[in-house]
K.L.:
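The structure follows.
Below, chain A is the first sequence line, B the second, and so on; all start at residue 1.
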2 protein chains.
Amino acid sequence: MGKSPAFEKELSTEEKIKAAARIVFAKKGFAAARTRDIADTAGINLALLNYYFRSKQKLFDGIMREKLQEFFGKVAPIMIDTTTTLETKIETFVAHYTDMLIKNPELPLFVMSEIRTHPQHFAQISPIHQILNESSFVAQLKEKRPEVHPLHFLMSMLGLTVFPFIAMPMMKSIASLDDEAYTRMMEERKKLIPLWMHTILDKKPNT
Amino acid sequence: MGKSPAFEKELSTEEKIKAAARIVFAKKGFAAARTRDIADTAGINLALLNYYFRSKQKLFDGIMREKLQEFFGKVAPIMIDTTTTLETKIETFVAHYTDMLIKNPELPLFVMSEIRTHPQHFAQISPIHQILNESSFVAQLKEKRPEVHPLHFLMSMLGLTVFPFIAMPMMKSIASLDDEAYTRMMEERKKLIPLWMHTILDKKPNT
DNA sequence: TAAATATTTAATCATTTGATTAAATTATTT
DNA sequence: AAATAATTTAATCAAATGATTAAATATTTA
């Protein structure tokens with residue numbers, strides 16, 4: 001196959017395989033990714049994949065654990081922090097996630113697909129379940145809007161932040177935008193989303 | 001394997017195959033779906049799949065075209081309609097999509113995955129590109145908030161409406177909800193999202 | 001420096017899969 | 001009733017794939 005990515009030098013064979021696996025699994029998913037694809041991308045012999053990782057499935061599991069940790073690992077500390085205001089939490093979350101997803105736009109679809117097909121992998125990430133059960137964030141939401149289930153606001157904040165990355169190819173096509181223009185829109189949303197979240201939180205229905 | 005779904009009677013063989021294909025492809029995606037899975041689910045002999053559809057890929061393409069049409073086919077008429085207000089458009093869109101996705105919660109992930117891996121399939125759906133280029137909806141957004149790119153509001157409305165279905169397994173797990181409770185939350189959002197969209201549209205930044 | 005260990009290679013294999021086929025059966029047409 | 005067409009079946013096949021293996025090479029250790 002063609003030239004390997006630039007990571008070919010300086011990395012150990014094991015790290016080369018993982019780097020290649022991140023690329024190929026994110027792009028194609030588990031079933032459509034071939035071990036030959038991963039070996040070619042890593043620039044190594046196919047047998048080494050089994051030598052280091054025992055099987056395709058084990059390699060995938062390791063990459064997925066890492067990706068789930070990357071996706072969810074930082075959200076819990078933001079939400080649990082009792083020293084920050086609700087406004088700060090929202091701004092920190094939106095800024096952090098937008099930056100991470102600009103770097104890894106395929107991550108949400110990758111992670112959500114895996115959670116839908118293998119929910120048991122997700123259940124193992126214990127910090128996630130603290131978000132609703134014992135987080136300062138939820139306590140602050142309940143205090144501000146006790147009549148609305150806090151999950152509504154959580155999924156709205158996630159929807160406003162993450163969905164544009166999930167729908168990125170569609171949105172770029174609809175609006176004829178290139179990557180750079182789309183990234184600029186995502187940067188704009190770092191300011192817009194916290195503003196919107198606060199207007200949503202402040203707005204009570206008229207009755 | 002096992003007992004076939006209830007559609008086994010009354011449908012032609014061709015329709016049985018398509019119904020089974022919708023189930024298996026939505027659940028597993030193209031690569032992980034085996035033609036034997038589809039045949040078993042349809043309760044027919046494997047060779048009939050090729051007799052009627054020529055190949056797995058052609059069968060998939062037909063189902064995907066149908067699903068893309070289902071996902072996008074109704075949004076354009078809502079957005080292009082020059083006789084309805086912006087408020088009505090938002091309410092109609094949210095109500096329609098929420099109802100559709102309650103019935104087909106795996107549809108957004110299925111469609112978004114395909115658009116990401118094969119954007120050329122999406123490019124063929126011409127009504128979608130009318131949404132930004134010549135729709136009443138966008139004209140109304142520009143009139144109301146000329147200083148904000150209308151794509152922000154489109155992706156926000158989609159994010160608020162569609163993302164909770166993409167993240168449904170995750171959200172159900174986090175909040176320990178069953179399907180029925182989650183569906184009730186989605187119904188609540190039919191009222192909440194239009195309200196939120198209007199507060200977002202009405203809120204200008206303080207300067 | 002020899003032995004032990006780790007890594008790598010090319011070849012190979014078992015299994016799975018999508019597709020094909022000849023023959024049989026059923027349905028339709030003449 | 002016979003001929004034709006459509007549908008179905010069981011068996012089979014070629015290709016691809018994940019995994020294995022023996023042998024060679026490189027590195028480390030005593």
K.L.:
Classify the nucleic acid contact of A/Ala31 as base, sugar-phosphate or nothing, counting any heavy atom under 4.0 Å across all strands shown.
P.N.:
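Nothing, no nucleic acid heavy atom in range.
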K.L.:
Can you tell which of C/dG18, C/dT7, D/dA16 lies closest to the side chain of A/Arg34?
P.N.:
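The nucleotide sitting nearest to the side chain is D/dA16.
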K.L.:
Whole Å only: how far is the NZ atom of B/Lys56 from the P atom of D/dA15?
P.N.:
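For the pair B/Lys56 NZ and D/dA15 P, the rounded distance is 18 Å.
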K.L.:
Measure from CG on B/Leu49 to C1' on C/dT17 and round the result to the nearest Å.
P.N.:
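Those two atoms, CG and C1', are 12 Å apart.
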K.L.:
With heavy atoms under 4.0 Å as the rule, sort A/Ala39 into base, sugar-phosphate or nothing.
P.N.:
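Nothing: the residue A/Ala39, judged by heavy atoms under 4.0 Å, touches no strand.
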K.L.:
Counting heavy atoms from C-beta on, name the nucleotide in D/dT21, D/dT7, C/dT7 closest to the side chain of A/Leu48.
P.N.:
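The answer is C/dT7, which lies nearest to the side chain.
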K.L.:
With the side chain counted from C-beta on, respond yes when A/Met64 and A/Phe110 share a heavy-atom pair under 4.5 Å apart, and no when they do not.
P.N.:
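SC-SC contact between A/Met64 and A/Phe110 confirmed.
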K.L.:
Nearest to the side chain of A/Asn50, heavy atoms from C-beta on, is which of D/dT8, D/dA19, D/dT9?
P.N.:
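Closest of the options to the side chain of A/Asn50: D/dA19.
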K.L.:
Measure the distance from CG on A/Asn45 to P on D/dA24 and round it to the nearest whole Å.
P.N.:
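Going from CG in A/Asn45 over to P in D/dA24 covers 16 Å.
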K.L.:
Measure the CG-CG distance between A/Leu46 and A/Asp40 for me, rounded to the nearest 0.5 Å.
P.N.:
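One finds 8.5 Å between CG of A/Leu46 and CG of A/Asp40.
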K.L.:
Are OP1 or OP2 of D/dT17 and a side-chain N or O of A/Thr35 less than 4.0 angstrom apart?
P.N.:
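So the side chain of A/Thr35 is outside the cut-off, no N or O lying under 4.0 Å from OP1 or OP2 of D/dT17.
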K.L.:
OH of B/Tyr51 versus C1' of C/dG18: gap in Å, rounded?
P.N.:
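Those two atoms, OH and C1', are 19 Å apart.
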K.L.:
In Å and rounded to the nearest 0.5 Å, what is the CE to OG1 distance from B/Met112 to B/Thr117?
P.N.:
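One finds 12.5 Å between CE of B/Met112 and OG1 of B/Thr117.
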K.L.:
Measuring from atom OG1 of A/Thr85 to atom CD of A/Gln140, what distance do you get when rounded to the nearest 0.5 angstrom?
P.N.:
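Those atoms lie 7.0 Å apart.
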K.L.:
How many angstroms lie between NE2 in B/His96 and CD1 in B/Ile78, if you round to the nearest 0.5 Å?
P.N.:
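Going from the NE2 atom of B/His96 to the CD1 atom of B/Ile78 covers 5.5 Å.
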K.L.:
Nearest whole Å is fine: how far is C/dT12 P from A/Arg36 CZ?
P.N.:
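That distance rounds to 14 Å.
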K.L.:
Atom OH of A/Tyr52 to atom C1' of D/dA19: distance rounded to whole Å?
P.N.:
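In whole Å, D/dA19 C1' lies 17 Å from A/Tyr52 OH.
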K.L.:
According to a strict under-4.0 Å criterion, is A/Thr13 in side-chain N/O contact with OP1 or OP2 of C/dT7?
P.N.:
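No, outside the criterion.
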K.L.:
Does A/Ser55 have a side-chain nitrogen or oxygen under 4.0 Å from the phosphate oxygens OP1 or OP2 of D/dG18?
P.N.:
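For D/dG18, neither OP1 nor OP2 has a side-chain N or O of A/Ser55 closer than 4.0 Å.
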K.L.:
Just the rounded figure in Å: distance from P of D/dT17 to NZ of A/Lys28.
P.N.:
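So the NZ-P distance, A/Lys28 to D/dT17, works out to 9 Å.
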K.L.:
In whole angstrom, what separates B/Arg54's CZ from C/dG18's P?
P.N.:
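After rounding, the reported distance stands at 18 Å.
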